Amino acid sequence: MDILQIVGFGLIATFLSLILKENKSTLAFGIVVFAGTVLFLLMVEGLQNVFSTLERLAVSSHVNLMYLETILKIIGIAYIAEFGAQITRDAEQNAIASKIELGGKIMILTIAIPILSVVLETVLSFLPK
């Protein structure tokens, strides 16, 4: 799907949501959530080429694929947490959106610990004993 289709779909969903917001606010919010989910899934589908290219580069550079997988998981968590927080903010639930973001940050930190350990060990190996 190209950018014109993505923007067109988003604008149509926005107009429908605005029209329905006055009388049927629940349905309007449902349209917002549905459109956001569809757009998110369409963009995730486009990332498949990026992932395969990164994997190919990691293999040709002899980089441990565990590091690449960890970084991709971190990026995925960040995008999903941001998406969830935005939808929650659209429902005017800012406190819950903040907790979603905090949860994403904690998960990212947890997943990043192996990479942080390797970086710290590498730095320490350069220091004289």
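For clarity, every value in this text was computed on a predicted model and none was experimentally measured.
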**OP:** Quick one: list whatever passes side chain to side chain donor-acceptor pair (under 3.5 Å) with Gln93, sequence neighbours left out.
**Re:** none
Original post:
Should side-chain heavy atoms under 4.5 Å link Ile, Leu, Val, Met, Phe, Trp and Tyr, which residues sit in the same cluster as Ile100?
Top reply: Ile96
**OP:** Show your working on side-chain contact (heavy atoms from CB on, under 4.5 Å) between Ile80 and Phe40 and close with a plain yes or no.
**Re:** CA-CA 9 Å; Ile80 291 168; Phe40 183 76; 3.9 Å; yes
Original post:
So among Val32, Val38, Ile31, which one has a side-chain contact (heavy atoms from CB on, under 4.5 Å) with Phe34?
Top reply: Val38
Subject >> From CZ (Phe51) to CG (Leu54), nearest 0.5 Å >> reply: 8.0 Å
Original post:
Hey, what else clusters with Leu109 if you join Ile, Leu, Val, Met, Phe, Trp, Tyr whenever side-chain heavy atoms sit under 4.5 Å?
Top reply: Leu116
Original post:
Are Met43 and Phe9 connected in the hydrophobic side-chain network, where two residues link if heavy atoms are under 4.5 Å apart?
Top reply: yes
**OP:** Would you check, one step at a time, whether the test side-chain contact (heavy atoms from CB on, under 4.5 Å) holds for Leu124 with Leu127?
**Re:** CA-CA 5 Å; Leu124 290 175; Leu127 297 176; 3.8 Å; yes
Subject >> Whether Gln5 side chain and Asp2 backbone form a donor-acceptor pair below 3.5 Å >> reply: yes
**OP:** Tell me, please, which residues at least two apart from Glu55 pass side chain to side chain donor-acceptor pair (under 3.5 Å).
**Re:** none
Subject >> Spatial distance of atom CD (Glu121) from atom CZ (Phe126) [nearest 0.5 Å] >> reply: 12.5 Å
Original post:
Is there a donor-acceptor pair closer than 3.5 Å between any side-chain N or O of Ser61 and the backbone N or O of Ala58?
Top reply: no
**OP:** Check the surroundings of atom OH in Tyr79: do more than 12 heavy atoms from other residues, nucleotides or ligands lie under 6.0 Å from it?
**Re:** no
Would you give me the side-chain donor-acceptor pairs under 3.5 Å for residues 63-76, sequence neighbours excluded?
| from | atom 1 | to | atom 2 | distance (Å) |
| --- | --- | --- | --- | --- |
| Asn64 | OD1 | Met66 | N | 2.9 |
| Thr70 | OG1 | Met66 | O | 2.7 |

Original post:
Going by an N to O cut-off under 4.0 Å, is there a salt bridge joining Glu82 and Arg89?
Top reply: no
Identify all side-chain donor-acceptor contacts of residues 12-28 below 3.5 Å with residues at least two apart in sequence or on another chain.
| from | atom 1 | to | atom 2 | distance (Å) |
| --- | --- | --- | --- | --- |
| Thr14 | OG1 | Gly10 | O | 2.7 |

Original post:
Quick one: CG on Leu11 to CG on Leu4, what's the gap to the nearest 0.5 Å?
Top reply: 10.5 Å
